[in-house]
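Below is one structure; the comments refer to it alone.
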Amino acid sequence: MSDPSSLFGKATEISSGLFYTPVHTPATASYEQVVYFKDEKTGLQTIIAIHDTTFGPSLGGTRMWPYTNLETALDDVLRLSKGMTYKAAISKLKQGGGKAVIIGDSRTEKSKELFWAFGRCVDFLGGQYITAEDVGMDEENMVWVHQETSHVTGLPKHMGGSGDPSPFTALGVYVSMKASMKYVTGKDSLEGKKIAIQGAGHVASYLAKHLQNEGAELYISDIYSKKAENLAVEVGGKIIDPEHLLSLQVDILSPCALGGVINNQTINSLACDFIVGGANNILMEEIHAQQLKDKSILYAPDYVVNAGGVINISNEIGGYNHERAEKQTRGIYQTLMEVFDYAEIHDLTPNLAGNRLVEQRLINAQK
Ligand code: NAD
């Protein structure tokens, strides 16, 4: 692990053994606040990035990952926290974008003490960053963090939280498919449409049930064949080998597994009309958005489509309300329509159109 003092600057002890170091590098210049914390007692090392709080305190999950050096952890937290600003702003949430990374292996390095120390770090930022679950974290860990700070979402239902966000994310993906279909064909029915879903995890499972209810023809894949099989049986879909899913001739391709699936290796074999998925960062690079446009494949920007999860947890702040969270998630339909319209008027890809709308909103709000 690199020496933080050579990267970040001078550390200040904020409580016994817990050190705070503001991070100032060229990459952090457009961020409101980036902080590296180190706790001597537990070995906690975490970076919290607050990208933008124009619309409210920053909200975003904590990722626990065995980063091999601080630079990689910093790159990740900067990219993720900026993404959260865009996701919250396009959804018109009164929330900004932030994220935390904990450097460590979530399978072997978790302890109550580590998450208590992390909770003190979140608390030190005075509510400008509100945390939630992300990769490597679970509900129980959030409860431990909550013992040291109130700036936590993603708590269990019995603690006033909203529980698993996946049903909301899936609902957002489902209404996004309908909006995309409506935009191109004038009708938003998915009955009889061929839809290929990559991944048979949490989001995919809830999504598949909505699609089954509407009479779509489903094609399902997962690298764990048992998961694909279970879901396919449950919703009456066909199991597809993961290697062939992306090139299937379907109406809609729905990546609900990993990011970066639309890349130089896969783009030429695509045979779908729409890409609408729950995964984050579906496009490997921005250029792939233009390439999809050139191929007349309508790409619904992932951060618009999969905002149901953050919409849901943002509803925990000030008292959770399930109906309000659901109504706002269904609003993704209209948000996506606005993005498609803006893209058409300005001859942009939907991805760039979404970015442009967010950036204008931020500029207008800062005037
Ligand atoms: P999950 O871990 O429950 O499911 C992902 C599934 O994808 C797993 O079953 C895994 O085996 C499978 N998979 C991995 N690589 C694959 C491949 N190459 N081909 C086929 N299947 C593959 O995760 P999830 O919570 O359902 O999240 C899915 C995606 O949606 C992730 O990218 C996540 O970041 C994103 N997302 C989730 C939420 C949420 O509320 N859960 C919110 C926003 C974004």
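Order of appearance sets the numbers: ligands from 1, and atoms from 1 within every ligand. Only this structure's heavy atoms are used, side chains among them; waters, hydrogens and symmetry mates stay out. Sequence positions, counted from 1, serve as the residue numbers for this chain. Predicted model, so just to flag it, every value in this text is computed and none were measured.
Residue K87 has no nitrogen or oxygen atom sitting less than 3.5 Å from a nitrogen or oxygen atom of ligand 1, judged on distance alone.
When only modelled atom types and interatomic distance are considered, T85 and D52 share no side-chain donor-acceptor pair under 3.5 Å.
For atom 2 (O) of ligand 1, no protein non-hydrogen atom is found at a distance below 4.0 Å.
Between K157 and D164 there is no salt bridge, since no side-chain N of the basic residue sits under 4.0 Å from a carboxylate O of the acidic one. Ion pairing of K193 with D251 is absent here, as no side-chain N (NZ or NE/NH1/NH2) approaches a carboxylate O to less than 4.0 Å. Salt bridge status for D134 with R63: present, with a side-chain N to carboxylate O gap under 4.0 Å. Under the 4.0 Å criterion applied to side-chain N and carboxylate O atoms, K226 and E229 are assigned as salt-bridge partners. With respect to D39 and K41, no salt bridge is recorded, no charged nitrogen being found less than 4.0 Å from a carboxylate O. Between K327 and E323 no salt bridge is recorded (no basic side-chain N to carboxylate O distance below 4.0 Å). The residues K112 and E140 are annotated as not salt-bridged, no charged nitrogen and carboxylate oxygen being separated by less than 4.0 angstrom. With respect to the salt-bridge test (charged N to carboxylate O, under 4.0 angstrom), the residues D138 and K110 qualify.
A heavy-atom separation below 4.0 Å is found between S221 and ligand 1. Within the structure, the closest approach of G309 to ligand 1 does not fall below 4.0 Å when heavy atoms are considered.
Residue, atom and distance of the protein heavy atom nearest to atom 39 (C) of ligand 1 are T169 OG1, 3.5 Å. Protein heavy atom nearest atom 24 (P) of ligand 1, with residue, atom name and distance: V203 CG2, 3.9 Å. Nearest protein heavy-atom neighbour of atom 34 (O) of ligand 1: N280 ND2, 3.1 Å. Residue, atom and distance of the protein heavy atom nearest to atom 35 (C) of ligand 1 are G278 O, 3.3 Å. Considering only non-hydrogen protein atoms, atom 28 (C) of ligand 1 sits nearest to C256 O, 3.3 Å. The nearest heavy-atom contact from the protein to atom 32 (O) of ligand 1 is A257 O, 2.8 Å. Protein heavy atom nearest atom 41 (N) of ligand 1, with residue, atom name and distance: S166 OG, 3.3 Å. Looking only at heavy atoms of the protein, atom 4 (O) of ligand 1 is closest to G201 CA, 3.2 Å.
Residue-ligand proximity, L258 to ligand 1, at heavy-atom distances under 4.0 Å covers atoms 15 (N). Every atom of ligand 1 is numbered from 1 in the order shown, and the set under 4.0 Å from a heavy atom of K227 is 8 (C), 9 (O). Shown in contact with Y224 at under 4.0 Å from a heavy atom are these atoms of ligand 1, numbered in order with element: 11 (O). Residue P165 has at least one heavy-atom neighbour below 4.0 Å for each of these atoms of ligand 1: 40 (O).
In summary, the aromatic rings of Y20 and F124 are positioned with their centroids under 6.0 Å apart.
Taking only non-hydrogen atoms, the option from K226, H202, E243 nearest to atom 25 (O) of ligand 1 is H202.
Y320 and F168 have perpendicular rings, their planes meeting at more than 60° on a 0 to 90° scale where under 30° would count as parallel.
Contact annotation: for D222 versus ligand 1, heavy atoms closer than 4.0 Å belong to both the backbone and the side chain.
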